[in-house]
Student: 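Structure incoming, see below.
When a ligand or atom number is given, it counts from 1 through the structure's own listing order.
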Amino acid sequence: MNDATPAQTAARTRVTAIAGDGIGPEVMRATQQILAAAGAQVDWEDALAGAEAFRKGIATGAPKETLDSIARNGVALKGPLETPVGFGEKSANVTLRKVFEMYGNIRPVRELPGIRTPFAGRGIDFVVVRENVEDLYAGIEHMQTPGVAQCLKLITEVGCERIVRLAASLALAEGRKKVTVAHKANIMKLTEGMMKRVGEQVLKEYPDLQHESMIVDNCAHQMVIRPEQFDVTVMTNMNGDILSDLAAGLVGGLGVAPSANLGDACAMFEAVHGSAPQIAGKGLANPTALLLSAVMMLRHIGDFATARKVEHALYVTLEEGKDLTGDIAAPGQGVGTQAFTDRVIANLGRESAAVPAREYRPITLQRWPAITWYKAAATRELVGVDVFVESERDPRAIGITLAAAAEGSAFTLKMISSRGTQVWPEQGGNTFLVDHFRARFLFREPPKGDAVAEITDLLNRIGRQHRWMHLEKLQRFDGADAFSKAQGEG
Ligand code: NAD
């Protein structure tokens with residue numbers, strides 16, 4: 001799928017295998033058996049991550065040997081990893097995705113034969129492409145006051161561009177026709193608006209693809225009402241997290257949902273489900289999701305024929321409904337993981353007529369510079385600051401004290417907002433108040449001297465009467481405001 005060279009010896013590819021926790025080892029064993037029987041030219045390199053790593057005191061959940069193995073091979077197949085409470089708080093999954101900058105999360109959503117859902121027979125066949133490393137998942141959180149929390153939503157132009165290009169490449173590789181950019185630009189004009197704007201701009205370069213933008217809440221609604229309309233959808237991290245699970249629910253749920261995490265140098269394939277501790281070690285787990293992830297992996301390493309063979313053996317097995325695991329079998333007829341695996345192996349070489357064929361070609365991933373990405377602006381102006389203060393007083397009292405504090409400084413107080421809505425000067429309504437206010441100060445005239453000294457002076461003045469906890473500069477880049485207005489701000 002990308003232009004990194006997977007570790008190959010002759011025609012064989014070495015792949016890092018992380019069996020993972022709970023049912024992980026069982027579904028990994030089943031998948032490896034089926035791939036071996038199908039003749040996949042893969043050599044597995046076992047690596048550890050998850051609960052056992054945490055128990056050994058490795059705070060990231062992924063030991064260096066595992067990271068080295070993935071870096072060396074460029075391809076990994078991974079079982080579910082627990083994030084055990086009490087052994088550190090970082091998720092080993094997120095560590096692996098972030099360390100290798102696997103920015104593209106690919107979640108195919110395809111109706112599977114024999115899987116009963118309220119949507120069966122509608123021919124659902126689309127892909128959710130989710131940005132995997134930015135957005136609220138950067139995990140930059142701060143308590144602003146004892147009762148008010150904040151999480152930074154960081155979206156970058158390069159992050160939007162590369163995920164949209166990935167979605168377009170995937171669409172072309174799979175012979176798909178349309179890319180839908182889902183966003184919440186109507187509310188978050190700078191962050192979600194960036195995804196919409198960059199998406200529209202970049203997709204113009206792909207004349208063979210139709211493209212559209214859709215507000216993400218409507219996209220959720222449309223996925224349930226008329227899922228057949230989608231082909232490839234692309235969105236920011238949190239929207240993609242939620243909508244990809246919703247989409248998985250349309251075609252049989254997390255137990256049968258595969259995924260890929262793609263970056264410039266590495267790709268990691270994994271089932272969407274977790275470690276299912278209730279059934280772990282009992283030989284009951286359904287390996288379908290990991291097997292379909294392995295099919296994606298085979299295509300990634302260029303083995304399209306084996307991918308098709310495995311996929312169809314699985315489809316035939318599901319279609320005939322014999323020897324299915326308990327989660328998808330008719331009531332009372334479920335078998336264990338091994339019997340299901342043996343059935344898929346017995347069906348290797350058979351083709352399912354139920355699933356329309358899809359053409360797959362290698363995906364071309366653009367390589368992004370290894371150096372820090374930097375975008376310059378031709379002009380920048382500093383026009384003011386937003387200072388966030390904690391106060392139990394009412395907005396009028398805060399307005400009087402802050403306006404007085406700014407007297408004699410380089411700033412005037414323009415407005416105060418509570419959770420984004422202007423509350424000073426008053427404009428009616430009944431905004432509920434908490435102890436967290438944003439005060440917007442504008443420079444009386446463009447700063448000529450040391451603007452930082454002017455800001456420090458303002459903070460000192462404010463600090464005499466109020467607790468302030470953070471500050472944002474108000475800038476203009478290339479003549480355009482680089483900040484949003486408050487609700488109700490003139
Ligand atoms: P889960 O996906 O493990 O289980 C949800 C339900 O689905 C359970 O009833 C389970 O028995 C069933 N199920 C899941 N996979 C199945 C399979 N292959 N065959 C049959 N039944 C299956 O979700 P959870 O219980 O919320 O999470 C358990 C643990 O997994 C947690 O520690 C969580 O952090 C972790 N987790 C890891 C990943 C990952 O590694 N990508 C994803 C989700 C959850």
Side-chain angles (χ1 to χ4, degrees), residues 16-32 34 47-55 60-62 66 70 76-100 102 105-107 112 115 117 128 130 132-133 137 237 240-242 244-246 248-249 251-261 267-294 296-297 314 317-318 323-329 331 333-341 344:
T16 303
I18 302 170
D21 302 318
I23 59 170
E26 297 159 72
V27 292
M28 181 63 82
R29 204 175 310 119
T31 299
Q32 289 176 329
I34 295 167
L48 174 79
E52 202 183 321
F54 284 114
R55 271 194 295 276
T60 57
T66 299
I70 298 173
L77 184 68
K78 186 185 80 59
L81 304 180
E82 281 171 22
T83 308
V85 180
F87 289 94
E89 289 172 356
K90 288 288 171 203
S91 150
N93 289 310
V94 177
T95 300
L96 293 174
R97 287 173 202 159
K98 289 206 158 202
V99 164
F100 293 106
M102 291 190 260
N105 185 242
I106 316 293
R107 298 266 298 258
L112 293 170
I115 304 280
T117 76
V128 178
R130 161 189 170 194
N132 218 13
V133 292
Y137 293 55
N237 202 344
D241 193 6
I242 297 167
S244 59
D245 270 25
L246 179 148
V251 292
L254 299 184
V256 295
S259 78
N261 301 282
M268 185 171 75
F269 299 82
E270 60 180 322
V272 166
H273 62 72
S275 58
Q278 314 86 340
I279 56 167
K282 296 183 180 162
L284 298 173
N286 183 355
T288 296
L290 190 65
L291 187 61
L292 284 172
S293 308
M296 294 176 81
M297 180 196 83
L314 173 68
T317 307
L318 296 175
D323 294 334
L324 302 186
T325 50
D327 56 317
I328 52 171
Q333 291 183 21
V335 300
T337 311
Q338 193 58 52
F340 175 83
T341 304
V344 175

Student: State whether Phe269 and Arg107 meet the cation-pi test: NZ (Lys) or CZ (Arg) under 6.0 Å from the six-membered ring centroid, and within 45° of the perpendicular axis.
Tutor: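 Not satisfied by the 6.0 Å and 45° rule.
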Student: Indicate whether any N or O donor in one side chain lies under 3.5 Å from an N or O acceptor in the other, for Tyr137 and Asp241.
Tutor: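 On atom types as modelled, these side chains qualify, holding a pair under 3.5 Å.
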Student: Does Asp21 reach the main-chain N or O of Glu82 with its side chain, forming a donor-acceptor pair under 3.5 Å?
Tutor: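 Here the side-chain-to-backbone pair exists.
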Student: In order of chain and number, which residues sit within 4.0 Å of ligand 1 by heavy atom?
Tutor: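 These residues qualify: Ile23, Lys78, Pro80, Leu81, Glu82, Thr83, Asn93, Glu270, Val272, His273, Gly274, Ser275, Ala276, Pro277, Gln278, Ile279, Ala285, Asn286, Asp327.
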Student: Under 4.5 Å between any side-chain heavy atoms of Leu314 and Leu292, yes or no?
Tutor: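 Side chain of Leu314 against side chain of Leu292, heavy atoms only: contact under 4.5 Å found.
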Student: Decide yes or no for Val256 and His273: does some side-chain heavy atom of the first lie under 4.5 Å from some side-chain heavy atom of the second?
Tutor: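 Answer no - side chains too far apart.
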Student: Supply the atom-to-atom distance Leu81 CG to Leu48 CG, rounded to the nearest 0.5 angstrom.
Tutor: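 Here the interatomic distance stands at 9.0 Å.
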